[in-house]
*Asks:* 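Take a look at this one; I'll ask things after.
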Amino acid sequence: TILLCCQGFDAETKEMAINFSPTTWGNARSCDGNLSKDTFLVYLMGDHFSIGYGCFSPAIEKAANKYISAHGGGYTVKNISGCHPDTLYEYLIAGTPVLCWATDGMIEPEYYETWYDNATGEKLDWYLNEHCFVLAGFNIANSTVTLNDPMKGIIDYNIDKFEIRFKQMYSQAIVIIPDSAEAVTETAAVVTETEELPETSDVS
């Protein structure tokens with residue numbers, strides 16, 4: 001919602017949650033003695049307004065695309081997950097805020113539960129403290145990043161700690177780019193050094 005508002009949309013959190021976010025309670029079942037559920041890669045697992053797990057960038061990408069399509073289009077959602085942290089800063093220099101994943105308060109991610117994807121059989125590990133926010137600025141001289149955090153507001157963190165947590169949460173990030181010749185030219189210079197988003201969720 002914050003990222004959409006940065007691009008001029010009148011997005012509201014409740015509207016996003018109810019009408020655009022792909023959600024599931026997991027559809028838990030036992031398969032060959034293993035717990036199987038839906039995946040947080042595709043859905044937000046749980047309830048926006050009470051309890052749940054969270055979701056990763058593909059689910060947010062889907063929600064943002066659905067919202068933009070329903071509100072006149074004109075923007076492209078780019079999932080830049082796997083990028084080097086420097087790419088995030090390049091987008092900011094170009095005037096584009098970045099939705100990214102790290103942890104709440106930059107604390108260490110904590111293993112919580114393992115299950116297998118109902119659709120693919122892929123092993124999935126969920127870690128507590130996963131959190132999303134919009135990267136709004138950075139200051140190399142002060143070694144800080146500025147985040148627009150939906151739970152804490154505008155807050156600064158140490159840039160090295162942020163980059164560690166960003167990588168631990170699989171370097172996930174999303175930007176929204178206007179569909180214009182100026183935007184294409186502006187973002188063409190952004191250099192992306194990619195690290196593949198793992199199919200399984202083992203935090204090293």
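Values below: every heavy atom of this structure, side chains too, minus hydrogens, waters and symmetry copies.
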*Asks:* Quick check: closest heavy atoms across Cys132 and Leu99, and the distance to 0.1 Å?
*Replies:*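 Closest heavy-atom pair between Cys132 and Leu99: CB-CD1, 4.2 Å.
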*Asks:* Hydrophobic clustering (ILVMFWY, side-chain heavy atoms < 4.5 Å, transitive) - are Tyr116 and Val42 grouped together?
*Replies:*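 No, Val42 does not connect to Tyr116 through the hydrophobic network.
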*Asks:* Applying the 4.5 Å side-chain criterion to the ILVMFWY set and letting contacts propagate, would Leu41 and Ile174 be lumped into a single cluster?
*Replies:*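 Result: yes, single cluster for both.
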*Asks:* OH of Tyr157 to CG of Asp149: how many Å apart, nearest 0.5 Å?
*Replies:*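 Going from OH on Tyr157 over to CG on Asp149, the span is 5.5 Å.
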*Asks:* Less than 3.5 Å apart, which donor and acceptor atoms pair up between the side chains of residues 70-77 and the rest of the protein, not counting sequence neighbours?
*Replies:*
unit_1 : atom_1 : unit_2 : atom_2 : d
His71  : ND1    : Tyr67  : O      : 2.9
Tyr75  : OH     : Gln7   : O      : 3.1
Thr76  : OG1    : Asp179 : OD1    : 2.5

*Asks:* Would you name the heavy atoms of Ser171 and Cys83 that are closest together and state the gap between them?
*Replies:*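 For Ser171 versus Cys83, the nearest heavy atoms are CB-O, 3.7 Å.
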*Asks:* Apply side chain to side chain donor-acceptor pair (under 3.5 Å) to the pair Asn129 and Asp104, showing each step before the final yes or no.
*Replies:* CA-CA 5 Å; Asn129 308 321; Asp104 184 20; over 6 Å; no
*Asks:* Taking Gln172 for the side chain and Ser57 for the main chain, is one N or O donor matched with an acceptor at less than 3.5 Å?
*Replies:*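 Looks like yes, one N/O pair under 3.5 Å.
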*Asks:* Thr96 and side-chain contact (heavy atoms from CB on, under 4.5 Å): which single residue from Ile177, Ile176, Leu88 fits?
*Replies:*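 That would be Ile177.
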*Asks:* For a side-chain contact (heavy atoms from CB on, under 4.5 Å) check, start with the C-alpha distance between Tyr127 and Thr103, then their side-chain angles and the critical distance, and finish with the verdict.
*Replies:* CA-CA 10 Å; Tyr127 286 81; Thr103 59; over 6 Å; no
*Asks:* Which pair of heavy atoms, one from Pro97 and one from Cys6, lies closest together, and at what distance?
*Replies:*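 In this case the closest contact between Pro97 and Cys6 is CG-CB, 3.8 Å.
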*Asks:* Please output the side-chain donor-acceptor pairs of residues 134-146 that fall under 3.5 Å, not counting sequence neighbours, one pair per line with the distance.
*Replies:*
unit_1 : atom_1 : unit_2 : atom_2 : d
Asn139 : OD1    : Ala141 : N      : 3.0
Asn139 : OD1    : Asn142 : N      : 2.9
Thr146 : OG1    : Asp156 : OD1    : 2.6

*Asks:* Tell me, do Leu124 and Phe56 make a side-chain contact under 4.5 Å, heavy atoms counted?
*Replies:*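 No. Closest side-chain heavy atoms not under 4.5 Å.
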*Asks:* Taking all heavy atoms of Ala28 and all of Leu35, pick out the closest pair and write down the distance.
*Replies:*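 So the two residues come closest at CB-CD1, 4.1 Å.
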*Asks:* Would you say Tyr91 and Ile159 are hydrophobically clustered, going by side-chain heavy atoms of ILVMFWY under 4.5 Å?
*Replies:*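 Yes, same cluster.
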*Asks:* State the CZ-NE2 distance between Phe166 and His84, to the nearest 0.5 angstrom.
*Replies:*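 Phe166 atom CZ to His84 atom NE2 measures 9.5 Å (nearest 0.5 Å).
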*Asks:* Under the side-chain contact (heavy atoms from CB on, under 4.5 Å) rule, what do Leu147 and Lys152 come out as? Steps first, then yes or no, please.
*Replies:* CA-CA 9 Å; Leu147 303 175; Lys152 296 181 173 67; over 6 Å; no
*Asks:* How many angstroms lie between CG in Asp10 and OG1 in Thr1, if you round to the nearest 0.5 Å?
*Replies:*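 So the CG of Asp10 and the OG1 of Thr1 are separated by 11.0 Å.
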*Asks:* Which pair of non-hydrogen atoms, one from Met169 and one from Pro109, has the smallest distance, and what is that distance?
*Replies:*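 Reported closest heavy-atom pair: SD-CB, 4.2 Å.
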*Asks:* Return yes if some donor-acceptor pair links the side-chain N/O of Trp101 with the main-chain N/O of Cys55 below 3.5 Å, else return no.
*Replies:*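 Present.
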*Asks:* Relative to each other, are the rings of Phe133 and Phe162 parallel, tilted or perpendicular (30° and 60° limits)?
*Replies:*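 If you compare the ring of Phe133 with that of Phe162, the planes turn out tilted.
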*Asks:* Is it true that a side-chain atom of Arg165 and a backbone atom of Met106 form a donor plus acceptor pair closer than 3.5 Å?
*Replies:*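 The answer is yes, because a donor-acceptor pair under 3.5 Å joins these two groups.
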*Asks:* Any chance OH of Tyr112 has more than 12 other-residue heavy atoms, nucleotides or ligands included, within less than 6.0 Å?
*Replies:*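 For Tyr112, atom OH is not crowded (no more than 12 foreign heavy atoms under 6.0 Å).
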*Asks:* Mind checking whether Tyr170 and Leu128 sit in one hydrophobic cluster, side chains of I, L, V, M, F, W, Y counted as touching below 4.5 Å?
*Replies:*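 Yes: a chain of side-chain contacts under 4.5 Å links Tyr170 to Leu128.
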*Asks:* Can you list the residues that meet the salt bridge (Lys or Arg N to Asp or Glu O under 4.0 Å) rule with Lys37, with sequence neighbours excluded?
*Replies:*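 Expected list: Glu113.
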*Asks:* Are Ile2 and Ile154 grouped together when hydrophobic residues (ILVMFWY) are joined by side-chain heavy atoms under 4.5 angstrom apart?
*Replies:*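 No; tracing contacts between hydrophobic side chains, which count when under 4.5 Å, never links both residues.
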*Asks:* Any chance you could measure Glu163, atom CD, to Asp160, atom CG, to the nearest 0.5 Å?
*Replies:*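 Result: 6.0 Å between the selected atoms.
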*Asks:* Look at the side chain of Lys167 and the backbone N and O of Pro85, then say whether any donor-acceptor pair between them is shorter than 3.5 Å.
*Replies:*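 No, Lys167 side chain to Pro85 backbone: no donor-acceptor pair under 3.5 Å.
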*Asks:* Just by distance, do the side chain of Ser81 and the backbone of Ala173 share a donor-acceptor pair under 3.5 Å?
*Replies:*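 Flag set: sc Ser81 to bb Ala173 pair under 3.5 Å.
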*Asks:* Do Glu130 and Tyr53 have side-chain heavy atoms sitting under 4.5 Å apart?
*Replies:*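 In short, these two side chains do not touch, never coming nearer than 4.5 Å.
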*Asks:* Nearest 0.5 Å, what's the OG1-CH2 distance between Thr114 and Trp126?
*Replies:*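 The CH2 atom of Trp126 is 12.5 Å from OG1 of Thr114, to the nearest 0.5 Å.
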*Asks:* What's the spacing between Ser21 OG and Ile60 CD1 if we round to 0.5 Å?
*Replies:*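 Those atoms lie 6.0 Å apart.
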*Asks:* Do the side chain of Asn118 and the main chain of Asn27 share a donor and acceptor less than 3.5 angstrom apart?
*Replies:*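 Yes, Asn118 side chain to Asn27 backbone: donor-acceptor pair under 3.5 Å.
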